[in-house]
There are 2 protein chains.
Amino acid sequence: MKDKKVYKSSLDHCPLTFALKIIGGKWRLPIIWALSKSETMRYNELKRNIDGITNMMLTQTLKDLEANNIIKRQQYMEVPPRVEYALTENGENLIPALKQLANWGKRIK
Amino acid sequence: MKDKKVYKSSLDHCPLTFALKIIGGKWRLPIIWALSKSETMRYNELKRNIDGITNMMLTQTLKDLEANNIIKRQQYMEVPPRVEYALTENGENLIPALKQLANWGKRIK
DNA sequence: CGGGATCCACAGAGATACTG
DNA sequence: CAGTATCTCTGTGGATCCCG
């Protein structure tokens with residue numbers, strides 16, 4: 001029988017590739033960027049701020065980022081429900097690196 | 001003939017997104033990284049250095065990077081053919097930003 | 001208000017074979 | 001040596017509707 005092809009584990013030894021995996025999705029940066037400009041944001045606040053994102057993509061991306069410890073989720077048991085998102089320390093630490101990349105982008109554009 | 005689909009350029013204004021577009025592909029970073037460690041490299045040298053890349057992906061990615069002025073191509077009209085690739089100044093300038101990102105990746109990994 | 005589930009389109013990645 | 005030309009496949013993103 002045929003072996004299922006085993007793909008090299010995606011998060012290989014290179015920290016750069018690892019970093020890019022985290023910020024690489026279509027909506028990851030917009031969310032990180034939005035959160036970097038504001039201590040905390042609620043779900044619908046994010047949605048309003050990020051043009052064109054759907055509920056599904058927002059939810060999914062938030063989960064990914066949370067799983068990677070870039071953002072944290074704080075849920076308040078109230079009526080109506082309130083959920084706030086904010087950058088973790090890892091997330092904050094990412095910002096300077098992103099700024100440098102952005103500067104590069106600005107220069108060569 | 002077929003229409004080329006024109007994609008909405010909603011991302012153009014952000015230099016960060018722009019930068020990520022450039023380094024975002026699967027093989028872009030490996031190529032940039034390889035070239036950053038060596039002044040110039042020939043086609044087959046690159047291919048040997050980048051594990052698993054096919055001719056097609058190498059050629060295509062090299063073209064993309066050249067179109068974005070990250071690398072430059074120098075062809076010598078000899079027999080056998082010789083083509084050398086190297087980072088442009090833009091490409092060199094990108095390296096520090098990548099290093100910072102890599103450092104971040106190393107810390108949180 | 002803050003999500004989740006299902007289904008589907010499409011661009012990017014790849015295999016394979018051929019060429020100046 | 002340094003590429004091209006097709007075709008196929010798969011993963012990511014997205015539209016739409018539903019739920020506590």
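Convention: sequence-line order gives letters A, B, ...; per-chain numbering from 1.
- Residue-level contact check: A:Y85 touches the backbone only, with heavy atoms under 4.0 Å from sugar-phosphate atoms and none from bases.
- With hydrogens and angles disregarded, no donor-acceptor distance shorter than 3.5 Å links the side chain of A:W104 to the backbone of B:L16.
- In this structure, the CD1 atom of B:I22 is 15 Å from the P atom of C:dG12, given to the nearest Å.
- Rounded to whole Å, atom P of D:dG14 lies 8 Å from atom CD1 of A:I53.
- Contacts with DNA chain C (heavy atom under 4.0 Å) in residues 33-50 of chain A: A:R42, A:Y43, A:N44, listed by number.
- B:M77 places its CE atom 11 Å from the C1' atom of C:dG20, with the value rounded to the nearest Å.
- For B:E39, the CD atom sits in a loose shell: 12 or fewer heavy atoms of surrounding residues, nucleotides or ligands are nearer than 6.0 Å.
- Partners of A:S38 according to the side-chain contact (heavy atoms from CB on, under 4.5 Å) rule, which considers only residues two or more places apart in sequence or in another chain, are A:M41.
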Counting only pairs under 3.5 Å, give me each side-chain donor-acceptor contact of residues 91-99 of chain A, with atom names and distances, residues two or more places apart or in other chains.
{"unit_1": "A:N93", "atom_1": "ND2", "unit_2": "A:E89", "atom_2": "O", "d": "3.3"}

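- Qualifying salt bridge (Lys or Arg N to Asp or Glu O under 4.0 Å) partners for A:R42, counting only residues two or more places apart in sequence or in other chains: none.
- With sequence neighbours excluded, the residues that form a side chain to side chain donor-acceptor pair (under 3.5 Å) with B:Y43 are B:N55, B:T59.
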Are any protein N/O atoms closer than 3.5 Å to N/O atoms in nucleotides 16-20 of chain D? If there are, list each pair with its distance.
none

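- Whole-Å rounding puts the B:D51 CG to C:dG14 P distance at 12 Å.
- Proximity of B:W27 to the phosphate of C:dG12: no side-chain N or O atom is located under 4.0 Å from OP1 or OP2.
- Rounded to a whole Å, the CD atom of B:E66 is 15 Å from the P atom of D:dA2.
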Identify all side-chain donor-acceptor contacts of residues 27-36 of chain B below 3.5 Å with residues at least two apart in sequence or on another chain.
{"unit_1": "B:R28", "atom_1": "NH1", "unit_2": "B:K21", "atom_2": "O", "d": "2.8"}
{"unit_1": "B:R28", "atom_1": "NH1", "unit_2": "B:I22", "atom_2": "O", "d": "3.3"}
{"unit_1": "B:R28", "atom_1": "NH2", "unit_2": "B:D64", "atom_2": "OD2", "d": "3.1"}
{"unit_1": "B:S36", "atom_1": "OG", "unit_2": "B:W33", "atom_2": "O", "d": "2.7"}

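- One can place CG of B:L65 at 13 Å from P of D:dG3, the figure rounded to the nearest angstrom.
- Judged by distance alone, with hydrogens and angles left aside, the side-chain atoms of B:T88 form a donor-acceptor pair with the main-chain N or O of B:I70 at under 3.5 Å.
- Note that the two end axes of the helix from C:dC1-D:dG20 to C:dG20-D:dC1 enclose an angle of 50°, each drawn from 5 base pairs, rounded to 10 degrees.
- Not a single side chain to side chain donor-acceptor pair (under 3.5 Å) links A:R48 to another residue, sequence neighbours left out.
- The salt bridge (charged side-chain N to carboxylate O under 4.0 Å, His left out) pairs that include a residue from residues 65-77 of chain A number zero, where partners must be two or more places apart or lie in different chains.
- Between the CG atom of B:N68 and the NZ atom of B:K63 there is a distance of 14.0 Å, given to the nearest 0.5 Å.
- Rounded to whole Å, the distance from CD1 on A:I23 to P on D:dT12 is 16 Å.
- Residues satisfying the salt bridge (Lys or Arg N to Asp or Glu O under 4.0 Å) criterion with A:R107, sequence neighbours excluded, are absent altogether.
- Taking atom CD1 of residue B:I71 and atom C1' of nucleotide D:dA2, one finds them 14 Å apart after rounding to whole Å.
- Using a 4.5 Å heavy-atom cutoff, the side chains of A:Y76 and A:V83 are not in contact.
- Using a 4.0 Å cut-off between charged nitrogen and carboxylate oxygen, B:K47 and B:E45 do not count as a salt-bridge pair.
- Less than 4.0 Å separates DNA chain D from at least one heavy atom of each of the following residues of residues 57-64 of chain B: B:T59, B:K63.
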